[in-house]
Asker: 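Structure below; questions to follow.
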Amino acid sequence: MGHVLNNTIQDILVRRARLEGKEVLWLPGTDHAGIATQARVEKELGKENPPRTRYDVGREAFVDMVWEWKNKHGGIIIKQLKRLGCSCDWERERFTMDDVYAPEVARVFTELFKEGLIYRGRRMVNWDPVLRTALSDEEVIMTPTHSKLYTVRYKLSDGSGQLLVSTTRPETIMADVAVAVNPNDPRFAHLIGKTVVRPLCEADIPIIADEHVEIGFGTGALKITPAHDRVDFEVGSKHNLEIIDILTPDAHINCPGCPELHGLDRFVARDKSIELLEAKGLLEKVEDYDNNVGMSERSHVPIEPRLSMQWFLKYPCVKEAAEAVANGDIVFRPAHWAKTYAHWLEGIQDWCISRQLWWGHRIPVWYRKDKAEELQNAPKLDEADAEAGDIYVGVTPPSDPENWLQDEDALDTWFSSWLWPFSTMDEECRKTFYPTSDLVTGPDIIFFWVARMIMAGYRFTGQKPFSNVFFTSIVRDLKGRKMSKSLGNSPDPLDLIAKYGADGLRFGLMRIAPTGTDVKFDEKQIEEGKNFANKIYNAARFRMMQGEASTQPAPKFSAVHIDILSKLKELHGTVADALGKYEFNTYTQALYSFFWNEYCSLFLEAVKNDLRDGDPAFRNATLFTMDTVLRHYLALLAPIMPHIAEELWQSLGFAARTEGKPLMSTPLPSADTLLAGMDETEVSKARALASALYETANRARNLKAEYNLATNKNVRFVLKPTLPVNDDLVGRLALLAGAREASVQADYDAPKGTPTALTPFGELFLPLEGLVDVDAERTRISKELEKINKEISKSNAKLGNASFVDRAPAAVVDQERARLAEWESKKAQLETMLSALG
RNA sequence: GCACGGGUAGCUCAGUGGUAGAGCGGCUGUCUUACACACAGUUGGUCAGGGGUUCAAAUCCCUUCCCGUGUACCA
């Protein structure tokens, strides 16, 4: 659903831009999703009988298998987008591992390496023990977890006592190389420099002093396990401590010195280690403890901090990237994301770009065979080693491949995706389309992708990669959970399209999710989109049933015709303004309410008689107006509901005017042609009359409803006008109100108790000419009076307040006075009616 | 902990100083010759709580509570 939302927004921008006559490039493509795709294929291998691993298959054959899988399944998203109607430039579809893109990635790697920004180093990384690869910091999700805090007794080697040490990871005790206390902690000052006995895999380890230990926290003593904790690693380095790694890549214990735990899974070993400690009498206590555990975004298991040889990138152009957003060169919408972005850039750490995967861009680095082993274990490799001729870095393999070994690792997928905006374009294309205009994406990848693309843009093109970034809503289910493939809580867009149509899906989703705040997906909303499409279709069909418009006799326009054309003109402005500001909500609302309320419910209902047996001059005006409205409206609608707009454009015959060209490649009809010959005052007069007519019709319907005559078409209305009202308007009033007739009688003498409503045209009477329930009437009127009296006293209080009258704008005060007058008159009316009933 | 969103009708959401809105749902009627995926009417709200500024607060300020997201973390 996220893709549907995202791509609908892009399609709206793209289609609208085309209608505005712009040349548009929308270049579709996909990335190779390194981890996810490889894991998927490995899973399939594991299901075979007998199960196989990628190592059984071998690198080359395995990569072929992934390609095969990709070719089979990678097209699904593309298919969905096509079904959704996305007007991409499909011939330019790109893939991050295609023949043109891949060398680009290697080239960029080489360039950054030569610049010294990429280096290889032995560092603490986030290790995923299931996928057996390093991850970037962004791929680790800190998750609140209910854990246990174990307090363990570390005996002093000289037997003079013990130190209590708390830990959440007793299974790593064998890798402890020291116990640290704060140098300023008086409780332990005398112990610094002594040794304690490591309680598992026993050995004497020193008690050291380090500021990092908080005096007030826990027991005040901290075990130091440099191989399995980031902070401990730093403390260890500072104090030159040994690093004992007791975990295998898949997080099993590797400690022959402790045979009871050796070979066990880390969590099994945790329980077992507690048993061992308890048996030795070294377990002081166990407490419940809530902490945050880093989980792999991919495999959902706790990551291991692990000392490992990896490739890192010092981000380029961080300053330019930060400034571009801060100074508005690149505009984020909603704007508040700029803060999140700035905060991330401030604390930015080097990016671990190597992955222990086979599916992806293999790192373009080769090691001299005769020194390979030595190089593998070097603490750091960079440009200096290349200059020394020990390693080779380049887009193409070395000329004497037999003497070199290529690095086994692949690059993080984002290390290719971050080049997308410009790597997908050739020189010629860039001249026209780079920097690009809009990026539409989810806020969940603001760091993974957006920030990195901006940095890459500045570094490799010297420019921003795009001018606007629109962050979409995150689509959640009704329980508030993010929709995702793994949760299985997202409906299949193809199913929704089958059920509601692509246009229904697009419109329905945009109606609830356009502002960039998260949204709960409800299929009901999509049904509304379908209903709207249906409404448009029916309205168009209604027009088709009427036949051709004619210029003979000359069309005669009534106020309602001018009114709807004027509203259409207004809609043009609203749409242009809303889309210009990326306010998709305003866009959809305006489209919806114009068509359903203004055009169908008011205008069409008011002109139906023109089409039946009315004045042919009116008929021609009405047909002309319908055609004008539909023609303009379809063009305004097309960006969001392209299928129905195009279909009706053809079947209503509008395409014939442009030699059959589709709406998609027709310029947007100009709003200036609407009511071109009319002066402003004439138009606003017509609008006022039409508005008065609709308001009067409403009052008339209300009167009918109040007397339970809502469906009775035999009623008649009498209007005692205060304004000049012509026959045309009165006729339309009767039609709108569903009455046999409406008549104007300036001297009408209403029988006592005749229901009446105050309308913009004057007093409107509904002669009852039949029986009404007098008691029910009396009750109803009394209730009404009660309500009105309340309003009147509220209004009086307000107007009696000197500061309101003095300080509020005159218009507001006048408005209040008008309201009061209206209530007073209504009150008088009701009182008359009440007395008439006796 | 810090930062950013959000809390408005039964539901999903608009509304940033001037009479609380839409669609859906509920309830009443209606197969009115474009549309029952519809039409007409109607019912729903102490705008999370408290305090403040203002003639006037859903809207601005302070504060508390709840939900979501990001980020940092002490074993």
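Here the structure is a predicted model, which is why all the values come from computation and not from measurement. Order of the sequence lines fixes the chain letters, A, B, ..., with proteins taken first and strands second; residue numbering starts at 1 for each chain.
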Asker: A22(B), U71(B), A34(B): which one has an atom nearest the side-chain heavy atoms of R511(A)?
Answerer: A22(B)

Asker: Can you identify which nucleotide, out of C39(B), G5(B), A75(B), has its nearest atom closest to the S601(A) side chain?
Answerer: C39(B)

Asker: Just name whichever nucleotide pairs with A75(B), Watson-Crick or G-U, keeping both distances under 3.5 Å, else none.
Answerer: none

Asker: Taking pairing as Watson-Crick or G-U wobble with both contacts under 3.5 Å, can you name the mate of C47(B), or confirm there isn't one?
Answerer: none

Asker: Just checking, any donor-acceptor pair under 3.5 angstrom between side chains of R541(A) and N538(A)?
Answerer: yes

Asker: Give one of base, sugar-phosphate or nothing for K608(A), where a contact means two heavy atoms less than 4.0 Å apart.
Answerer: base

Asker: Within the structure shown, what part of the strands sits under 4.0 Å from M142(A) by heavy-atom distance: base, sugar-phosphate, or nothing?
Answerer: base

Asker: Report the base-pairing partner of A3(B) (Watson-Crick or G-U wobble, both distances below 3.5 angstrom), or none.
Answerer: U69(B)

Asker: Work out how far the C1' atom of A40(B) is from that of C4(B), and round it to whole angstrom.
Answerer: 46 Å

Asker: Between Y289(A) and F217(A), how do the two ring planes meet: parallel, tilted or perpendicular, split at 30° and 60°?
Answerer: perpendicular

Asker: Heavy atoms under 4.0 Å, any strand shown: does F532(A) hit a base, just sugar-phosphate, or nothing?
Answerer: nothing

Asker: Counting Watson-Crick and G-U wobble pairs only, both distances under 3.5 Å, name the nucleotide matched with A38(B), or none.
Answerer: U30(B)

Asker: Can you check G52(B) for me, syn or anti if syn means within 90° of 0?
Answerer: anti

Asker: Considering heavy-atom distances to RNA chain B, does V805(A) or E214(A) have its closest nucleotide positioned more toward the 5' end?
Answerer: V805(A)

Asker: Roughly how far apart, to the nearest Å, are G51(B) and U69(B) at atom C1'?
Answerer: 29 Å

Asker: Please state whether the phosphate of A36(B), meaning OP1 or OP2, lies under 4.0 angstrom from any side-chain nitrogen or oxygen of N538(A).
Answerer: no

Asker: Under 4.0 Å between a side-chain N/O of W596(A) and OP1 or OP2 of C39(B), yes or no?
Answerer: yes

Asker: Is R476(A) salt-bridged to D518(A), going by a charged N under 4.0 Å from an acidic O?
Answerer: yes

Asker: Check D210(A) with K238(A), please: is the shortest side-chain N to carboxylate O separation under 4.0 Å?
Answerer: yes

Asker: Please report the distance separating the C1' of U43(B) from the corresponding atom of U28(B), rounded so that it comes out in whole Å.
Answerer: 10 Å

Asker: I'd like to know if K535(A) reaches the base of C35(B) with its side chain such that a donor and an acceptor end up less than 3.5 angstrom apart.
Answerer: yes

Asker: Using the ring pair (Phe, Tyr, Trp, His ring centres under 6.0 Å) definition, which of the options Y315(A), W344(A), W337(A) pairs with F447(A)?
Answerer: W344(A)

Asker: At under 4.0 Å between heavy atoms, what does D232(A) touch on the DNA or RNA strands: base, sugar-phosphate, or nothing?
Answerer: nothing

Asker: Knowing that exactly one of E523(A), E527(A), K530(A) qualifies, which makes a side chain to side chain donor-acceptor pair (under 3.5 Å) with Y500(A)?
Answerer: E523(A)

Asker: Please classify the nucleic acid contact of E605(A) as base, sugar-phosphate, or nothing, using heavy-atom distances under 4.0 Å.
Answerer: base

Asker: Give the nucleotide from the list G70(B), A75(B), A38(B) with an atom nearest to the side chain of V213(A).
Answerer: A75(B)

Asker: Of the nucleotides C35(B), C74(B), A34(B), which has the atom closest to the F217(A) side chain?
Answerer: C74(B)

Asker: Could you pick out which residue, I141(A) or A539(A), lies toward the 5' side of RNA chain B when each is mapped onto its nearest nucleotide?
Answerer: A539(A)

Asker: Could you give the distance separating A3(B) and G10(B) at their P atoms, to the nearest angstrom?
Answerer: 34 Å

Asker: Can you check whether K524(A) has a side-chain N or O nearer than 4.0 Å to OP1 or OP2 of C24(B)?
Answerer: no

Asker: Within the pair N698(A) and A40(B), is there a side-chain N or O less than 4.0 Å away from OP1 or OP2?
Answerer: no

Asker: Select base, sugar-phosphate, or nothing to describe what Y289(A) touches, counting heavy atoms under 4.0 Å on all strands.
Answerer: sugar-phosphate

Asker: Can you classify the ring geometry of F507(A) versus Y592(A) as parallel (below 30°), tilted (30 to 60°) or perpendicular (above 60°)?
Answerer: parallel

Asker: Does G21(B) have a Watson-Crick or wobble mate here (both distances under 3.5 Å), and if so which one?
Answerer: C13(B)

Asker: Out of U71(B), G5(B), U12(B), which has the shortest distance to the side chain of H336(A)?
Answerer: G5(B)

Asker: Contact class for V231(A) vs. all strands (heavy atom < 4.0 Å): base, sugar-phosphate, or nothing?
Answerer: sugar-phosphate

Asker: Taking only the side-chain heavy atoms of E528(A) (C-beta and beyond), determine which of C13(B), C35(B), G23(B) contains the nearest atom.
Answerer: G23(B)

Asker: So R476(A), base contact, sugar-phosphate only, or nothing? Heavy-atom distance under 4.0 Å.
Answerer: sugar-phosphate

Asker: Tell me which nucleotide among C11(B), A75(B), G25(B) gets nearest to the side chain of T167(A).
Answerer: A75(B)

Asker: Spell out yes or no: do the side chain of N292(A) and the base of C73(B) have one donor N/O and one acceptor N/O closer than 3.5 Å?
Answerer: yes

